[in-house]
Amino acid sequence: MTNGFFITFEGGEGGGKSTQIKLLAAALQAQHRDVIMTREPGGSVGAEEIRGLLLKGEPGRWDGATEMLLVYAARRDHVVQTVWPAMSAGKVVISDRFADSTMAYQGYGHGVDKDAVKAVHRAALGDFQPNLTLIFDLPVEIGLARAMARPDMNKSAAEDRYERMGRDFHERLRQGFLAIAKAEPARCKVIDATQSMEATHAQTLSAVLSVLDD
Ligand code: TMP
């Protein structure tokens, strides 16, 4: 597992993460690096099944703690089946969301006890964490407007449960991600997602290369 490199993309809705992941992967592949792209919830056969349970249906379908446990069941499967084998093979693994999304969405957003989230992380994955986390930050209004305006091609039409949660929820998420970044500055870099696609990519690539080439 120690040869590879694990990069996670985090942030609220409409920050352009999926576009930026593709641009980053292409840039790294152009440097002849072996890259795989994955996502959460999902990224393995079992975790993709759990994704359907999480993203479809009524906003109040799951109580926060239940949702957190479902997310971690999916995460354990994703890491064991996909992330660790790729890292063992020396690959750069780029994941669209990971554990910080649980702390932000279920912890800060839905008020699930943050120590409980940390305890479940430890039970599922020990002290495994990404080598680098990029947090795509932008004001809630801009993010939600973008998310509504351009449908995400990676998501089915029914998978909009989180986008339908209220504005206050999304503001708590944003503050949650920023608090995580502040608490772990060595792992997390905040990317200004209000910039143009090109400028955001340039900031992303430089943050990644400064750690990858370290
Ligand atoms: P998205 O990444 O395509 O926006 O969709 C994933 C949704 O799942 C997103 O709204 C955030 C949510 N989510 C959580 O609530 N907790 C988690 O731990 C993860 C990985 C995602």
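Computed from a predicted structure; not experimentally measured. As the structure lists them, so they are numbered: ligands from 1, and atoms in each ligand from 1. All values below were derived from every heavy atom in this structure, side-chain atoms included, with hydrogens, water molecules and symmetry-related copies excluded.
- The closest side-chain donor-acceptor pair between Thr8 and Thr133 falls under 3.5 angstrom.
- For ligand 1 and Ser101, the ligand atoms under 4.0 Å from any heavy atom of the residue are 16 (N), 17 (C), 18 (O), 19 (C), 20 (C).
- Distances below 4.0 Å separate heavy atoms of Lys17 from the following atoms of ligand 1: 2 (O).
- Taking a cut-off of under 4.0 Å to the non-hydrogen atoms of Glu13, the atoms of ligand 1 that pass are 4 (O), 9 (C), 10 (O).
- When heavy-atom distances to ligand 1 are checked against a 4.0 Å cut-off, Thr102 comes that close through both its backbone and its side chain.
- Closest to atom 6 (C) of ligand 1 by heavy atom, among Gln106, Met103, Arg97, is Arg97.
- Between Arg61 and Glu67 no salt bridge is recorded (no basic side-chain N to carboxylate O distance below 4.0 Å).
- Salt-bridge formation is detected for the pair Asp213/Arg33: a Lys NZ or Arg NE/NH1/NH2 atom is positioned less than 4.0 Å from an Asp or Glu carboxylate oxygen.
- One side chain, Tyr72 or His121, offers a donor N or O that lies under 3.5 Å from an acceptor on the other.
- Under a 4.0 Å criterion applied to the non-hydrogen atoms of Arg75, ligand 1 contributes the atoms 18 (O), 20 (C).
- The Glu40 neighbourhood of ligand 1 comprises atoms 20 (C), with distances under 4.0 Å to a heavy atom of that residue.
- Residues Leu24 and Leu205 are in side-chain contact: their nearest non-hydrogen atoms beyond the backbone lie under 4.5 Å apart.
- The one candidate from Ile135, Thr204, Asp137 that meets the side-chain contact (heavy atoms from CB on, under 4.5 Å) condition with Ile191 is Thr204.
- The residue Leu54 has no part lying near ligand 1, judged by heavy-atom distances below 4.0 Å.
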